[in-house]
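Please read the structure below before turning to the comments.
This is a predicted model, so every value here is computed, not measured. All heavy atoms count here, side chains included; hydrogens, waters and symmetry mates do not. Each ligand, and each atom within it, is numbered from 1 in the order the structure gives.
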Amino acid sequence: MSTLPAHEPLDALIAGLAVDVPDFPTPGVVFRDLTPVFADAAAFRRMVDGLAAPALSDPRAAAVADGRAGPGFDVVAGVEARGFLLAAAVALDAGTGVVPIRKAGKLPREAIAAGYELEYGTAALELHTDAIHPGQRVLLVDDVLATGGTLGAAISLIEQLGGVVTAVSVVIELTALGGRQRVAPHTVHALWTT
Ligand SMILES: O=P(O)(O)OC[C@H]1O[C@H](OP(=O)(O)OP(=O)(O)O)[C@H](O)[C@@H]1O
Ligand SMILES: Nc1ncnc2[nH]cnc12
């Protein structure tokens with residue numbers, strides 16, 4: 001059950017449930033813990049709707065025009081680990097499949113990799129080479145946009161396989177870290193900007 005009124009604006013709902021954790025995972029980082037937002041039924045429902053929304057406007061018309069039915073995306077890609085919780089829910093709701101973009105060394109078959117830097121270190125993401133088909137329209141979902149390193153790497157992987165990123169959606173954008181600029185020319189749709 002939700003603990004907040006249904007008419008609460010979504011950004012306020014998220015802001016009220018998220019918890020700031022100072023000095024996690026390293027000193028100086030304020031970690032935005034979204035687990036209470038995921039655990040709230042009403043907030044989770046509205047987040048899933050909100051994350052799909054940007055891909056359901058113009059691209060839906062384009063999908064009809066080129067003969068493809070359904071939402072304005074063919075598949076939802078989510079970034080390990082927290083992005084998985086969101087991407088799977090959005091995909092199930094939209095009637096599409098879900099593709100995992102994983103941390104290095106987790107995928108069992110042939111994959112491509114992209115390295116990146118984030119607020120508290122460096123990492124690499126991988127994507128199975130047959131996970132995305134040329135021309136496939138992809139809605140990319142994650143929980144947080146911080147430096148933009150993660151989403152930049154994820155977009156690069158999808159595009160290397162010929163996928164078309166029709167929308168990028170996150171729950172929180174941390175504006176001080178400049179991630180939006182790093183992900184340009186792709187536009188990031190954020191449910192809460194802080
Ligand atoms: O914009 P950036 O600076 O790249 O940061 C954003 C990323 O950081 C967090 O993931 P993290 O790598 O901590 O992994 P986790 O989801 O497995 O905790 C978050 O879930 C985003 O994917
Ligand atoms: N400050 C932060 N809080 C939560 N997730 C993050 N990912 C990168 N920076 C983050």
NZ/NE/NH1/NH2 to OD/OE distance under 4.0 Å, [X] and [Y]:
X      : Y      : answer
Asp142 : Arg82  : no
Asp93  : Arg45  : yes
Lys106 : Glu126 : no
Asp130 : Arg109 : yes

Working for side-chain contact (heavy atoms from CB on, under 4.5 Å), residues Leu139 and Val90: CA-CA 9 Å; Leu139 167 60; Val90 171; 3.8 Å; yes
Among all protein heavy atoms, pick the one closest to [atom] and tell me residue, atom and distance.
atom                    : result
atom 12 (O) of ligand 1 : Leu118 CD1, 3.2 Å
atom 5 (N) of ligand 2  : Arg82 NH1, 3.2 Å
atom 3 (N) of ligand 2  : Arg32 N, 2.8 Å
atom 7 (C) of ligand 1  : Thr150 OG1, 3.4 Å
atom 16 (O) of ligand 1 : Ala81 N, 3.0 Å
atom 10 (C) of ligand 2 : Glu119 OE1, 3.3 Å
atom 13 (O) of ligand 1 : Tyr120 OH, 2.5 Å
atom 5 (O) of ligand 1  : Ala146 CB, 3.6 Å
atom 7 (N) of ligand 2  : Tyr120 OH, 3.2 Å

Return a yes/no value for [X]: is any of its N or O atoms, backbone included, closer than 3.5 angstrom to an N or O of ligand 1?
X      : answer
Arg82  : yes
Leu151 : no
Leu145 : no

Side chains of Leu191 and Ile172 in contact at under 4.5 Å (non-hydrogen atoms): no
Side-chain heavy-atom pair Pro100, His128 within 4.5 angstrom cut-off: no
contact_flag Val30 ligand 2 heavy-atom lt 4.0 Å: yes
Which of the atoms in ligand 1, numbered in the order shown and given with their element, are less than 4.0 Å from a heavy-atom of [X]?
X      : value
Gly149 : 1 (O), 4 (O)
Asp143 : 19 (C), 20 (O), 21 (C)
Glu80  : 16 (O), 17 (O)
Val144 : 6 (C), 21 (C)

Quick check against the 3.5 Å criterion: does [X] have a side-chain atom that pairs as donor or acceptor with the backbone of [Y]?
X      : Y      : answer
Arg180 : Val188 : yes
Asp40  : Ala43  : yes
Asp20  : Arg32  : no
Asp74  : Arg137 : yes
Thr175 : Thr194 : yes

One residue to check: [X]. Relative to ligand 1, which of side chain, backbone, both or neither has a non-hydrogen atom less than 4.0 Å away?
X      : answer
Asp142 : side chain
Thr147 : both
Lys103 : side chain

Glu117 atom CD: more than 12 heavy-atom contacts under 6.0 Å: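 No - once you tally the heavy atoms of other residues, nucleotides and ligands closer than 6.0 Å, there are 12 at most.
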Any side-chain donor near an acceptor of the partner, His189 and Glu173, under 3.5 Å: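 Their side chains do not contain a donor-acceptor pair, so the 3.5 Å distance test is not met.
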Atom indices of ligand 2, in the order listed, that fall short of 4.0 Å to a heavy atom of Leu174: 1 (N), 2 (C)
Element-labelled atoms of ligand 2 that are located less than 4.0 Å from some non-hydrogen atom of Ala146: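 Counting from 1, the qualifying ligand atoms are 8 (C), 9 (N).
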Option nearest atom 1 (O) of ligand 1 (shortest heavy-atom distance, choices Pro25, Ala153, Gly148, Gly179): Gly148
